[in-house]
2 protein chains.
Amino acid sequence: MAIADNKRPRSTGRSRTTISDLAAHLGMAKGTVSRALNDYPDIAEGTRLRVRRAADALGYRPLAHAQAIRTGRVRSVGLVLQVNEHDGHRPFLADFLAGISEAASTADWTMTLATAASDQDTLRLMSKLADEQKADGFILPRTYLEDTRVSALLAGDVPFVLFGRTGDPRGCAWFDIESEAAMTEAVLRLAKLGHTRIGFVPGGPGYTYATLRRQGYLEGLKQAGLSFHPALISEPALNRVDGELAAQKLLSLDVPPTALVCSVDRAAFGAYDAAAALGLEIGKDLSVISYDGMPEGALLSPPLSTFSVDLRHAGARLTELLIRRIRGEAVEDLRDLAKARFLDRGSHGPPTRTPAELAHHVKHQWFPTGGRTK
Amino acid sequence: MAIADNKRPRSTGRSRTTISDLAAHLGMAKGTVSRALNDYPDIAEGTRLRVRRAADALGYRPLAHAQAIRTGRVRSVGLVLQVNEHDGHRPFLADFLAGISEAASTADWTMTLATAASDQDTLRLMSKLADEQKADGFILPRTYLEDTRVSALLAGDVPFVLFGRTGDPRGCAWFDIESEAAMTEAVLRLAKLGHTRIGFVPGGPGYTYATLRRQGYLEGLKQAGLSFHPALISEPALNRVDGELAAQKLLSLDVPPTALVCSVDRAAFGAYDAAAALGLEIGKDLSVISYDGMPEGALLSPPLSTFSVDLRHAGARLTELLIRRIRGEAVEDLRDLAKARFLDRGSHGPPTRTPAELAHHVKHQWFPTGGRTK
DNA sequence: AGAAGTTCCGAAACCGGTTTCGGCAAGATG
DNA sequence: CATCTTGCCGAAACCGGTTTCGGAACTTCT
């Protein structure tokens, strides 16, 4: 109560110092001040310093949108997240955003975020943000082999950078994790332990990474000198249930794999379920190596061996690339790859049974009455 | 290759249609067009329609920052997330963001997001965003009883809305989940099942919710007609390890509780660990009810009974309130509470032992040699 | 019919910056 | 010493909107 009622003229605050105030205070033209602050070459060094000093003495902060009206840039990176879909990266969303925010902040930029419920919604939101110039460009997470966002942005001449590769890279800047190399490494590790039949659970079709990881698996077989059996590649699985089904099917083969390489952790979780149902011990009877590095994997027994991705770094790198893209650098110079880090935990080891023994065990467990119907 | 080289004058695109273009096309003054589009009362209905039609015929989209220069509003809600700290809500971050984005989008606003590494960093980022007018106001997640952000924003006359309450609500708009009511309900449910000694694991001191939940616990005891024993309130626990220690200590009391109410799920996870170490079965020997609704809780055995929060709704509501705040509504009209939803799962049931029996069991298990030294 | 209101729109100022242009003064050149 | 540069800054236009102001045309009232 008391004196609290000092009725200011509504949201006046102290009206900020504008560039005109600053110019008046310095006795110069405001154009000069502007050029001084923006490092134009036709300003004397002494003047530049005087201006700068006065600027922070008066606490001058240019309005981003007032600058934008002339420069056409609001210094903001756009990000449209699609939240409906499966998302192994969801636990890391905060890290990803932190990476973007940090890199943006360093360059004196900001991030404009929106969430979409569908592909179409994503396009709509991006076009709106671009039209109103709320963002100067976009980071595109989760790329498809054929990505409608890419064609739309290319057509609209809106700068962007992909997190992931795409079918036709022309006009695209991108950053990606070499997950195919991780898959190769997984196969080689397993082969070195003595596995000769190694199954593969692919990711969602359409996504670029799914194709790449499959290639990485094949490359691993080749380097290990193992022959490829199409039957050892299951149906795609992006969640626990599908992962269980996939593993179940692979393990029911006449000559089942003794090790599984999974494209995503969630599928690997399902493989644990399948193994449990069949009375198989993970890391012994069945080895599993996966990809994503989800924290839940560490809680399983045995903990899941998987490849983890530094999403904070990814966000930061993508932001740098996007800003440089917006500033006009050629896309060919704005492409980068990083490696995934292997988390060597307990879910893989030397095979304890031959495929034949494993098949016998499975058949016995799975069809206790010996039937093979259905 | 081929013809691909059509060398446009760099990022020309087709230069957007401005309000002047539109005015020229209509043969009117641009001021008139602006007023027509913004529903000024001194524009004839027919004119308004003509303008609107022409606007979407030409695909006119005003530049947000060009508007802002005069209106002083960029139509953006600011959000600064602190990512270093413990965070039970982290798995729901996407939902929270989706709620904000949706509500903002509905009002034709956007969201500007930043992440900070410390309290100080948060203040710095908010002040920068506000100064540059990249955001018109802020959503403040995770409030403290004494919140430096609140005083800073009040001093700077920057609009904001709290997610959570704070010690001194003057000048504050807020939205919160009534987690104290959830705690009360938890106690009542346990009392109804026959528990008479119910322990409480508080949340982090300083946070407003911690105090409220403690009060809710006390209120529950009171309503259930149970007497309060200070020893039944443990040290604060915000993570699994501390939760385990807290539960261990409570269970080692001479007259231990047969049920635990935990302020946060993570602490409850620790209680599971403690129970396992003591050979106690959750839901039988020890009942647990918690708060947060983290998905991991459903994977425990038995699944954790907990209160879940609709963070998408929270984000949406906060955004509505903030926008109304920015538009000048009084803070007193911008306060709202919502309820948490109880997820009735397997971690609570009637007590299978009396406190005395439980104490005996614990002592036997925990000190197999009967000693009481360290 | 003239005065007084209303309705509705054009013209211009304005917001806070950036960028262009031109010119003065000092230094370099012949 | 005259001229040509060059360095440096002021003045003004400009960006794309919004808001104020004033007045023409049209009603309404007396």
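Every value quoted in this text rests on a predicted model; they were computed, and no experiment measured them. The sequence lines fix the lettering, A, B, ..., with proteins before strands; numbering per chain opens at 1.
- Nucleic acid contact class of A:Thr18 (heavy atoms, under 4.0 Å, all strands): sugar-phosphate only.
- Checking the phosphate oxygens (OP1, OP2) of D:dT18, a side-chain nitrogen or oxygen of B:Ser34 falls inside 4.0 Å.
- Residue A:Arg35 has its side chain nearest to D:dC9 when only D:dG17, C:dC9, D:dC9 are considered.
- Comparing B:Asp42 and B:Arg70 against DNA chain D, the residue whose closest nucleotide sits nearer the 5' end is B:Arg70.
- Summarising the geometry, the separation between NE2 on B:His65 and P on D:dT18 is reported as 12 Å, rounded to the nearest angstrom.
- In summary, B:Arg75 and B:Asp136 do not engage in a salt bridge, as defined by a charged side-chain N under 4.0 Å from a carboxylate O.
- In this model, the phosphate group of C:dG17 is approached by a side-chain N or O of A:Tyr60 to a distance below 4.0 Å at OP1 or OP2.
- The residue among A:Lys30 and A:Ile43 whose nearest nucleotide of DNA chain D lies closer to the 5′ end is A:Ile43.
- At C:dC9, one or more side-chain N or O atoms of B:Thr47 fall inside 4.0 Å of OP1 or OP2 (strictly under the cut-off).
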Report task. List the steps, then state whether side-chain contact (heavy atoms from CB on, under 4.5 Å) holds for B:Arg317 with B:Asp336. Result -> CA-CA 9 Å; B:Arg317 191 83 184 96; B:Asp336 193 12; 2.6 Å; yes
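- Across the protein-nucleic acid pair, A:Asp131 atom CG and D:dG16 atom P stand 14 Å apart, rounded to whole Å.
- With respect to the salt-bridge test (charged N to carboxylate O, under 4.0 angstrom), the residues B:Asp21 and B:Arg16 do not qualify.
- In this structure, CD1 of A:Ile19 is placed 11 Å from P of C:dT19, rounded to the nearest angstrom.
- Nearest to the side chain of A:Gln67, among D:dT19, C:dG10, C:dT18, sits C:dT18.
- An angle of 50°, rounded to 10°, separates the two end axes of the helix from C:dA1-D:dT30 to C:dG30-D:dC1, each defined over five pairs.
- A straight line from CG of B:Leu63 to P of C:dG16 spans 18 Å, rounded to a whole angstrom.
- Under 3.5 Å, the side chains of B:Ser76 and B:Thr112 contain a donor-acceptor pair of N or O atoms.
- As a whole-Å value, the separation of B:Leu22 CG from D:dG17 P is 9 Å.
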Requested in this report: Given side-chain contact (heavy atoms from CB on, under 4.5 Å), test B:Asp119 with B:Tyr144 step by step and report yes or no.
Outcome: CA-CA 11 Å; B:Asp119 286 1; B:Tyr144 300 88; 3.9 Å; yes
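- Here the nucleotide nearest the side chain of A:Tyr40, chosen from D:dG16, C:dC9, C:dT20, is C:dT20.
- The phosphate of D:dG10 has OP1 or OP2 within less than 4.0 Å of a side-chain N or O from A:Thr32.
- Salt-bridge annotation for B:Arg165 and B:Asp176: present, with a side-chain N of the basic residue lying under 4.0 Å from a carboxylate O of the acidic one.
- Salt-bridge check for A:Asp131 with A:Lys128: failed, with every basic side-chain N at 4.0 Å or more from each acidic carboxylate O.
- Set against D:dG17, C:dG16, C:dG17, the side chain of B:Ile69 has C:dG16 as its closest nucleotide.
- Atom CG in B:Leu37 sits about 12 Å away from atom C1' in D:dT18, given to the nearest Å.
- Closest contact between the side chain of A:Met28 and the listed nucleotides C:dG16, C:dC8, D:dG10 involves D:dG10.
- Summarising the geometry, the separation between CZ on B:Arg61 and P on D:dG16 is reported as 17 Å, rounded to the nearest angstrom.
- Which of C:dG17, D:dC9, C:dC9 sits closest to the side chain of A:Pro62 comes down to C:dG17.
- Rounded to whole Å, atom P of C:dC9 lies 12 Å from atom CG of B:Leu26.
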Query - side-chain contact (heavy atoms from CB on, under 4.5 Å) assessment of B:Val77 paired with B:Ile323 - result: CA-CA 8 Å; B:Val77 306; B:Ile323 291 177; 4.3 Å; yes
